[in-house]
4 protein chains.
Amino acid sequence: MASVNKVILIGNLGKDPEVRHLEGGVAVARFPLATSESYKDKNGQKQEKTEWHNIVLWRGLAEVAEKYLRKGQSVFIEGKIRTSQYQDKEGNQRYSTEIVADNMTMLGGRSDSGNGSSGYQESSASTNTGESSYSGGSKSVAQNDEPDDLPF
Amino acid sequence: MASVNKVILIGNLGKDPEVRHLEGGVAVARFPLATSESYKDKNGQKQEKTEWHNIVLWRGLAEVAEKYLRKGQSVFIEGKIRTSQYQDKEGNQRYSTEIVADNMTMLGGRSDSGNGSSGYQESSASTNTGESSYSGGSKSVAQNDEPDDLPF
Amino acid sequence: MASVNKVILIGNLGKDPEVRHLEGGVAVARFPLATSESYKDKNGQKQEKTEWHNIVLWRGLAEVAEKYLRKGQSVFIEGKIRTSQYQDKEGNQRYSTEIVADNMTMLGGRSDSGNGSSGYQESSASTNTGESSYSGGSKSVAQNDEPDDLPF
Amino acid sequence: MASVNKVILIGNLGKDPEVRHLEGGVAVARFPLATSESYKDKNGQKQEKTEWHNIVLWRGLAEVAEKYLRKGQSVFIEGKIRTSQYQDKEGNQRYSTEIVADNMTMLGGRSDSGNGSSGYQESSASTNTGESSYSGGSKSVAQNDEPDDLPF
DNA sequence: TTTT
DNA sequence: TTTT
């Protein structure tokens, strides 16, 4: 049936990306992303609440993340929610929710190496599946094309 | 810091909403929402993968859900991701991820009672915080105004 | 620079799609899409305001639109805003704003031929660039891959 | 009927905001916002295409824009599309498309005065209608609450 | 020009 | 008219 599962996040990386290169050369990157919301509590005191999101990127996006994304930087992420089931060591059913990115844009932010945006934009013709190039010859890579045989 | 946490879903209710009315008259509704994605496996066979989302609605949206939403129906949900920590009975840290809705639009779909859209639209001036009414006198209810003292 | 241009619409077709098949076999479909917002005016009277959007679809999405979309039906559209300049007959600069779709999901709605959703879902493995198939062999079509030499 | 009209933009201000303060103290701010997309042309040359959006903000958001937003800065805008009709001087029907913001987040970017983000975040408890405060006492301002009697 |  |  008609179905949409879309997430849009702007936040900061809690750690450098962890990248694995799978058999076949496929890259997967993961990092925690913080979004924060401020509000006033019942005493009128300003409070901040931080939400942590587990971001997963595949292939080209993972490679961009590996090269250019660092802890503290700000990114725009577009993707979808995916909850995986797994058994913990006691054999109980557990759930883990991740955001599988299909688009990413660096927004700069706190960085050790100047403006992270530029390098990324230079080196990657298109990490944006949806908006990519309307030139005749261009190829758009589906960023969440995951092989079926991955160890999830 | 600059932060955005936004989710957009279109899917079907897996169950009727469960609604609690808290002290103070605040209503909270919850239901599982399915989004489905179809893809071809390595043998070219069409497969479908269903994602289940835990939807939470507050106040006016919860009341609309209680009155008009039923298992099987299709809804558009706009909201944000929130992951809560809790201790399980063995004292382990667990995480539960929910979508806190701040906007909802009924799309009809399989229903026991005709087109669910109409009733809802008639009875609710505005469940859409963001888009609500630009008349001078209208009031917009912040849908995710949660009391601080809720039992989470 | 960091840039995002994203539109999400749910609305009804004001007309059947107009489809052109260009040299090279590329299809382009266009239709007006209505979104409506209700609000109360200063006298407390309920009013409705309709917004009309010019939707443009390319290639695979255009072909799906041609086959399955009809006046009155409800669709979810994800895309981007594009404003074109042109000269009117008096030689004045004019602007025309369109939504170039890169994703489309039929939601049914009033239709002459039953539930429009099903046929579309059956016949199209993936019109959803962003969410498409994570099987190894699947191909994702970039929906807004426009040839450069189109007569705009 | 079920309807959604949502726009998400990240881009740069082409000019400082123009702000009007209407009778009754209501503020309206306008500015052009650029989003850019790069693609390769048929010769493999990298090209950039810039889209200009007419942003309109009301009340609290307009006041934040007036105080903190300047030409060149980067902002996240969430809002809706609105096309207005008007007569040009020759009496022809013309259309003008704007994005009416209901949420805005400053992302910094090129600025004459350091990081624009901070000041804004300090001084404005909540310009984010949708996500605002779940404290008991907080008030959420409907950002697109337009008086009916405005001179459009 | 849609839908409710 | 922005930004890279």
Side-chain angles (χ1 to χ4, degrees), chain A residues 68 105-108 114-125, chain B residues 68 105-108 114-125, chain C residues 1-5 9-18 30-39 46-55 69-75 77 83 85 95 107-112 116, chain D residues 1-5 9-18 30-39 46-55 69-75 77 83 85 95 107-112 116:
Chain A
Y68 301 109
T105 298
M106 295 171 71
L107 300 173
N115 184 338
S117 278
S118 54
Y120 156 61
Q121 294 288 350
E122 292 310 312
S123 69
S124 171
Chain B
Y68 301 110
T105 298
M106 295 172 70
L107 300 174
N115 183 341
S117 278
S118 53
Y120 156 61
Q121 294 288 350
E122 292 311 313
S123 69
S124 169
Chain C
M1 233 299 278
S3 208
V4 171
N5 174 357
L9 301 172
I10 295 178
N12 299 281
L13 280 80
K15 297 183 185 173
D16 286 359
E18 288 183 8
R30 288 169 198 272
F31 55 80
L33 188 79
T35 57
S36 306
E37 183 182 359
S38 60
Y39 62 97
K46 200 171 173 186
Q47 301 290 343
E48 196 180 61
K49 186 154 176 298
T50 295
E51 200 64 44
W52 287 98
H53 310 271
N54 300 310
I55 309 295
L69 283 186
R70 293 293 173 268
K71 176 176 171 175
Q73 286 176 349
S74 177
V75 283
I77 294 280
T83 299
Q85 291 183 38
Y95 298 90
L107 300 173
R110 214 215 57 190
S111 157
D112 302 337
Chain D
M1 232 299 279
S3 208
V4 171
N5 173 359
L9 300 173
I10 294 177
N12 299 281
L13 280 80
K15 298 183 184 172
D16 286 359
E18 288 182 9
R30 287 169 199 274
F31 56 80
L33 188 79
T35 57
S36 305
E37 183 182 1
S38 60
Y39 63 95
K46 200 170 172 186
Q47 301 292 342
E48 196 180 62
K49 185 153 176 295
T50 295
E51 201 63 46
W52 287 98
H53 311 271
N54 301 309
I55 310 295
L69 283 186
R70 292 297 172 267
K71 175 176 170 175
Q73 286 176 349
S74 177
V75 284
I77 293 280
T83 299
Q85 290 183 38
Y95 298 90
L107 300 174
R110 215 215 57 187
S111 157
D112 301 337

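Every chain is numbered from 1, with letters handed out A, B, ... down the list of sequences. Computed from a predicted model, the values in this text were never measured in an experiment.
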Between [N] atom [atom2] and [X] atom [atom1], what is the distance in whole Å?
{"X": "D/Leu33", "N": "F/dT2", "atom1": "CG", "atom2": "C1'", "result": "8 Å"}
{"X": "A/Leu107", "N": "F/dT2", "atom1": "CG", "atom2": "P", "result": "21 Å"}
{"X": "A/Tyr68", "N": "F/dT4", "atom1": "OH", "atom2": "C1'", "result": "14 Å"}
{"X": "D/Trp52", "N": "F/dT1", "atom1": "CH2", "atom2": "C1'", "result": "4 Å"}
{"X": "C/His53", "N": "E/dT1", "atom1": "NE2", "atom2": "C1'", "result": "13 Å"}
{"X": "D/Ile55", "N": "F/dT2", "atom1": "CD1", "atom2": "P", "result": "16 Å"}
{"X": "C/Phe31", "N": "E/dT1", "atom1": "CZ", "atom2": "P", "result": "18 Å"}
{"X": "D/Asn54", "N": "F/dT1", "atom1": "CG", "atom2": "P", "result": "15 Å"}

### Message
Could you measure the distance from the OH atom of D/Tyr39 to the CD atom of D/Glu48? Nearest 0.5 Å is fine.
### Response
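Answer for the OH-CD pair, D/Tyr39 versus D/Glu48, is 9.5 Å.
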
### Query
Can you tell me how far CD of C/Glu51 sits from OG1 of D/Thr83, rounded to the nearest 0.5 angstrom?
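Reported to 0.5 Å precision, the distance equals 5.0 Å.
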
### Query
Do any N or O atoms from the side chain of C/Asp16 and from the backbone of C/Lys71 form a donor-acceptor pair under 3.5 angstrom?
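The answer is yes, because a donor-acceptor pair under 3.5 Å joins these two groups.
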
Nearest to side-chain heavy atoms of [X], which nucleotide of [options]:
{"X": "C/Asn12", "options": "F/dT1, F/dT2, E/dT2", "answer": "E/dT2"}
{"X": "C/Lys71", "options": "F/dT2, E/dT1, E/dT4", "answer": "E/dT1"}
{"X": "C/Glu48", "options": "E/dT4, E/dT1, F/dT1", "answer": "E/dT4"}
{"X": "D/Ala34", "options": "F/dT2, E/dT2, E/dT1", "answer": "F/dT2"}

### Query
What is the nucleic acid contact for C/Thr35, judged by heavy atoms within less than 4.0 Å: base, sugar-phosphate only, or nothing?
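No contact.
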
### Task
Mind checking side-chain hydrogen bond (donor to acceptor under 3.5 Å, both in side chains) for D/Glu18 and listing every partner two or more places apart, or none if nothing turns up?
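In terms of side-chain hydrogen bond (donor to acceptor under 3.5 Å, both in side chains), with neighbours along the sequence ignored, D/Glu18 is linked to no residue.
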
